[in-house]
Amino acid sequence: MSQLLDNLNPEQLAAVTLPPQHALILAGAGSGKTRVLTTRIAWLIQNGFCSAQGILAVTFTNKAAKEMLTRLSAMFPINTRGMWIGTFHGLCNRFLRAHHREAGLPQLFQILDSGDQLASIKRLLKTLNVDDEKFPPRELQHFINGQKEAGIRPAAVEAWDDYTRRRVELYMEYEAQCQREAVVDFPELLLRSYELLERNEPIRRHYQARFRHILVDEFQDTNVLQYRWLKLLAGNGDEGCACLFCVGDDDQSIYRFRGAEIGNMRDFERDFKVPAVIRLEQNYRSHGNILDAANALISNNSKRLGKSLWTDRGAGEPIRVYEAFTDSDEARFIVEEVQSLVREGISRSDIALLYRSNAQSRVLEHQLFSSGVAYRVYGGLRFFERQEVKHALAYLRLIANPDDDTAFTRVVNFPTRGIGARSLEALQDAARTWNTPLYQTVPHLSGKPGTSLAQFVGLIERLRQETAALPLHEMVDHVIEMSGLRTHYKNEKEGQERLENLDELINAAANFNAEVGSGERPADMGTDTGTVLAEFLAHASLEAGDHQADAGTEAVQLMTVHAAKGLEFDVVFLSGLEEGLFPHENSILESDGLEEERRLMYVAVTRARQRLYLSFTQSRMLHGQVRYNLRSRFLEEIPEALTKWLTPPNPRRSFVSEPSPRYYNPGSSKPAAPSMPPPPPQKSRDLGGLSIGQAVSHIRFGEGVIVAAEGSGSDARVQVKFAESGAKWLMLAVAKLTPIG
DNA sequence: TTCCGGAGCGTTTTT
DNA sequence: CGCTCCGGAA
């Protein structure tokens with residue numbers, strides 16, 4: 001017991017041992033927030049404030065949820081089974097399975113991941129004969145999810161124009177289609193749960209009485225609906241009130257673009273009159289210079305709850321700054337530096353190369369590859385998103401739920417079995433006439449097209465029967481074999497890796513089955529084959545798998561700054577610190593976009609434990625054209641005393657109205673003088689007081705941002721990216737551009 | 001059904 | 001520049 005609280009600093013201790021009450025913990029980067037969260041749970045239980053059943057802890061990623069469970073079981077020998085620990089979506093899934101009847105869902109409902117959802121929307125537009133040029137599926141998906149995440153059903157959308165009215169109709173049709181097919185998309189998991197809790201008083205009271213302590217990780221990332229769900233579950237005074245313990249960092253909120261609402265932090269304080277706000281500001285990760293840089297940077301943001309990191313580890317090394325001529329010079333410098341660090345004994349996996357956008361990884365990869373440095377890029381396709389895996393899952397989905405038209409269309413002719421577009425069209429027409437799912441429509445078809453379709457239905461029926469008594473992994477194996485998938489990929493030239501992935505799927509099923517068998521699952525679920533299969537399919541949708549596999553390999557880590565959140569490395573290289581790239585040009589016109597970019601930069605800087613490199617280039621190849629960017633304003637926001645320039649410091653600060661000419665002789669510089677000649681000078685260009693990154697307004701095109709410039713004097717032209725009309729090249733002598741912002 | 005070429009586009013991403 | 005997607009031809 002006393003062990004539990006050992007080595008906590010005073011603030012951590014205060015947070016962990018707060019009496020049962022609402023609390024907001026502002027946990028800075030590297031301040032031990034997961035430790036506080038898990039220790040709090042242990043402390044509550046050990047001191048009898050609450051039983052395991054009374055705990056609900058919610059996270060954003062499966063990784064975080066797993067981490068919490070692991071740490072908890074290491075902390076004290078309690079059965080974590082009674083607790084509800086998981087992601088928002090995972091917990092809602094569990095809730096809806098338990099109350100599927102009240103939620104208006106069949107027990108074996110399927111979960112659509114984003115890709116499935118998009119396919120479902122495309123199919124809807126097709127059956128309704130809607131022009132997908134006018135209503136781009138992606139845009140519609142975004143619209144629908146946006147409404148759902150704001151808790152708004154079609155009937156409640158305020159539509160003022162025809163376009164929106166039509167989109168609302170499509171939203172309604174989409175809902176009907178999902179209901180018909182017994183499928184639920186990600187935001188629907190949350191909205192259904194929320195609505196069920198709201199309208200069903202017995203269920204609401206049951207859970208409000210059960211959960212005495214609700215703990216939320218990464219609270220700054222919650223969206224509107226998630227916060228409302230938490231409020232409902234916590235209850236208010238009359239219905240018995242759970243304690244909300246929210247941990248978050250407003251300075252690390254970088255997901256507004258996908259609905260995260262920082263305002264939730266302030267709202268929480270206000271709505272619950274939170275008596276305890278505790279700041280965890282002692283950082284155990286980085287050296288002083290790095291933290292000072294991060295603090296200085298983030299102090300330029302105005303909308304903050306306020307917090308300042310400190311460490312007792314000493315100042316450490318200065319932050320290294322490098323100016324390159326081109327992106328490939330920058331990459332060359334980084335890779336040479338990496339090699340020398342590796343020679344000094346630093347492990348490659350302790351080195352991270354971070355960038356703002358994925359496109360930047362290419363040059364780095366190229367350089368790493370030709371220098372023979374092992375590297376690993378994060379991001380890209382994940383296991384359960386691979387086409388062969390999705391195909392196999394589609395067969396399984398049809399076995400579990402024949403009404404799933406998305407799964408049906410996916411594999412009805414894969415591997416090809418002579419069911420072409422016309423037979424499918426005939427089937428879809430018939431399905432509309434009979435108002436039945438595709439699968440059920442097949443028997444209604446007469447004539448030739450019916451035969452091959454009937455054979456397909458026969459195949460699925462046979463698979464269902466043959467696998468009914470099999471353990472999950474044998475079922476998966478059997479389905480892969482009998483569907484013809486295995487043969488198909490065997491015959492495909494590049495099919496070897498796909499076959500391996502299918503084997504991996506069988507392994508995943510075996511592991512899943514083992515966990516189910518050992519009782520690591522909620523008690524409120526059945527154990528028959530159908531249920532186990534449904535659970536496995538839900539698992540596949542909710543947890544698309546790590547794209548962080550073989551993390552153990554000794555390789556340099558490449559990823560976007562977003563992907564790096566929550567991670568830490570001894571050495572961090574942050575490249576591409578240029579206006580337009582970081583901060584990204586698209587963010588400049590968004591309200592508060594710049595502050596979000598700055599938070600992103602703050603996240604990047606605080607990833608480094610010992611050494612941080614910041615680099616930028618004079619020119620960069622982007623979208624097939626060379627761009628000359630100014631160095632990032634964020635670089636200027638880091639005090640010079642904390643930095644050490646590896647190239648001759650360039651006194652020109654960005655955003656001076658009159659860019660001064662700059663002289664630089666590469667021959668005289670040490671240590672790693674870039675070998676490329678400097679690009680055409682843009683330094684002496686007179687942009688009439690304008691600069692790249694500047695937001696401007698044009699009488700006809702509206703508001704935009706300058707993204708590139710060329711020529712000088714009366715020839716000077718700038719490229720402006722307009723919010724409405726896209727990118728345009730404009731002659732400065734002709735176009736009248738007014739600086740704004 | 002498959003393959004090729006042209007057009008279009010090009011932040012960040014979990015569930 | 002390099003990728004994805006779509007449509008047309010073999």
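Just so it is clear: chains get the letters A, B, ... in the order the sequence lines come, proteins before strands, and each one is counted from 1.
The residue A/E597 sits close to a base: some heavy atom pair falls under 4.0 Å. Using a 4.0 Å heavy-atom cutoff across all strands shown, A/D113 reaches no nucleic acid atom at all. Residue A/D221 is out of contact with every strand shown, counting any heavy-atom pair closer than 4.0 Å. Within 4.0 Å (heavy atoms only), A/F186 reaches at least one base atom of the nucleic acid. Within 4.0 Å (heavy atoms only), A/N223 reaches no atom of the nucleic acid at all. Within 4.0 Å of A/Y255, counting heavy atoms only, lie sugar-phosphate atoms of the nucleic acid but no base atom.
Side-chain atoms of A/S114 and base atoms of B/dT15 include a donor and an acceptor less than 3.5 Å apart.
A/N93 has no side-chain polar atom (N or O) that falls below the 4.0 Å cut-off from OP1 or OP2 of B/dT15. Applying the 4.0 Å criterion to OP1 and OP2 of B/dT15, one finds that A/R258 has every side-chain N and O outside that range. Between A/N62 and the phosphate of B/dT14, there is no side-chain N or O to OP1/OP2 separation shorter than 4.0 Å. A close approach under 4.0 Å does not occur between any side-chain nitrogen or oxygen of A/H539 and OP1 or OP2 of B/dT15.
Between the side-chain ring of A/H584 and the base of B/dT11, a stacking contact exists by the 5.5 Å and 30° definition.
Taking atom OH of A/Y355 as the reference point, atom C1' of B/dT11 lies 13 Å away to the nearest angstrom. A/H623 has its NE2 atom 20 Å from the P atom of B/dA7, to the nearest Å. With rounding to whole Å, A/E385 atom CD is found 12 Å from B/dT13 atom P. Rounded to whole Å, atom C1' of B/dT12 lies 13 Å from atom NE2 of A/H142.
Annotation: A/R138, atom CZ; neighbour count of heavy atoms from other residues, nucleotides and ligands within 6.0 Å does not exceed 12.
B/dT13 and C/dT4: their P atoms are spaced 16 Å apart (whole Å).
Neither side chain, A/T617 nor A/E330, offers a donor N or O lying under 3.5 Å from an acceptor on the other. In the model, A/S253 has no side-chain atom that pairs as donor or acceptor with a side-chain atom of A/D250 under 3.5 Å.
For A/E590, the listed nucleotide lying nearest its side chain is B/dT11; candidates were B/dT15, B/dT12, B/dT11. Nearest nucleotide to the A/S587 side chain, out of B/dT11, B/dT13, B/dT1: B/dT11. For A/R362, whose side chain is taken as the heavy atoms from C-beta onward, the closest listed nucleotide among B/dT11, B/dT12, C/dG2 is C/dG2. Listed nucleotides B/dT11, B/dT13, C/dC1 differ in distance to A/F257; the shortest reach to its side chain belongs to B/dT13. The side chain of A/T61 lies closest to B/dT15, out of B/dT12, B/dT11, B/dT15.
Within the cation-pi definition used here (under 6.0 Å to the ring centroid, within 45° of the axis), A/R376 qualifies as a partner of A/Y378.
Taking the centre of each ring, A/H391 and A/Y489 stay at or above the 6.0 Å mark.
In this structure B/dT11 sits in the syn conformation; its chi angle is within 90° of 0.
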Is there a side chain to side chain donor-acceptor pair (under 3.5 Å) between A/Q117 and A/N145 once you walk through the steps?
CA-CA 10 Å; A/Q117 186 190 24; A/N145 289 351; 2.8 Å; yes
